[in-house]
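Heads up, the thing below is written out as structure tokens.
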Amino acid sequence: IQSVNISGCRLKQEQVSKLFEMMTANDTLAHLDISQDDLSEVSSDVLAKVINNLKYANIAHAKINRNQMKNILIRSSGKTNLQYLNIKGNDMQIYPNELFKRTSRKIKEFHYKMENLEIYGHGCRW
């Protein structure tokens, strides 16, 4: 399997943890979309290792905590296979901009800022 999309599947914590444990030994998976699932209980080291072995990772709105985010960013600013990473909607308030800058230099498409929807106008007005 090279690509998995389980976005918003409402997996249980045990399922998510087991899935990531299994993915640590997988070197064929390149694309993972597990956005809108709860990854908060996955070991930060396991999560960072799995994510950085992928080419594409969408973990937006996945309830990633500060420690997990820190490990993902530190690893991805060093050696990583990632070409695309979306981490929007997770806890990123405490990190220095330098971590984001280093990561954005390494990853071709790095999405971490929420868009300002005001630039799209106010939509339909009645």
Single-linkage hydrophobic cluster, 4.5 Å side-chain cutoff, Ile1 and Tyr56 together: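 In one cluster with Ile1: Tyr56, no.
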Linked, directly or transitively: Leu47 and Tyr112 (ILVMFWY side chains, under 4.5 Å):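 In one cluster with Leu47: Tyr112, yes.
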For the atom pair [atom1] ([X]) and [atom2] ([Y]), what is the distance rounded to the nearest 0.5 Å?
X      : Y     : atom1 : atom2 : result
Thr103 : Ile74 : OG1   : CD1   : 9.0 Å
Leu39  : Lys63 : CG    : NZ    : 10.0 Å
Met23  : Leu32 : CE    : CG    : 5.0 Å
Asp33  : Ile6  : CG    : CD1   : 8.5 Å
Thr24  : Asp45 : OG1   : CG    : 11.5 Å
Phe110 : Leu73 : CZ    : CG    : 5.0 Å

Arg105/Glu98 salt bridge by N-O under 4.0 Å criterion: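 A salt bridge links Glu98 with Arg105.
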Validation row, ring centre Tyr84 to ring centre His111 under 6.0 Å: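 Between Tyr84 and His111, the centre distance is under 6.0 Å.
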Worked verdict on Ile59 versus Ile72 for side chain to side chain contact (heavy atoms under 4.5 Å, CB included): CA-CA 11 Å; Ile59 51 174; Ile72 291 168; 3.9 Å; yes
Show the nearest heavy-atom pair for residues [X] and [Y], with the distance to one decimal.
X     : Y     : value
Gly8  : Asp37 : N-OD2, 3.3 Å
Met69 : Asn90 : CE-CB, 3.6 Å
His31 : Leu29 : O-CD1, 3.5 Å
Arg75 : Ala48 : CD-O, 3.5 Å
Ser17 : Glu41 : OG-O, 4.0 Å
Leu82 : Thr80 : N-OG1, 3.1 Å

pair Ser40-Gln13: side-chain heavy atoms closer than 4.5 Å: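 The answer is yes; the side chains approach within 4.5 Å.
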Side-chain heavy-atom pair Val42, Val16 within 4.5 angstrom cut-off: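 Yes. Closest side-chain heavy atoms under 4.5 Å.
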Polar contact flag, side-chain donor to acceptor under 3.5 angstrom, Asn5-Ser7: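 Judged by distance alone, the side chains do not pair up.
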Step-by-step side chain to side chain contact (heavy atoms under 4.5 Å, CB included) determination, Asn52 to Asn81: CA-CA 6 Å; Asn52 282 283; Asn81 293 330; over 6 Å; no
Greater than 12 external heavy atoms within 6.0 Å of Arg10's CZ: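 Atom CZ in Arg10 is not packed in, count stays at 12 or less.
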Residues Gln83, Ile107; criterion side chain to side chain contact (heavy atoms under 4.5 Å, CB included); working and verdict: CA-CA 5 Å; Gln83 296 173 6; Ile107 300 172; 5.6 Å; no
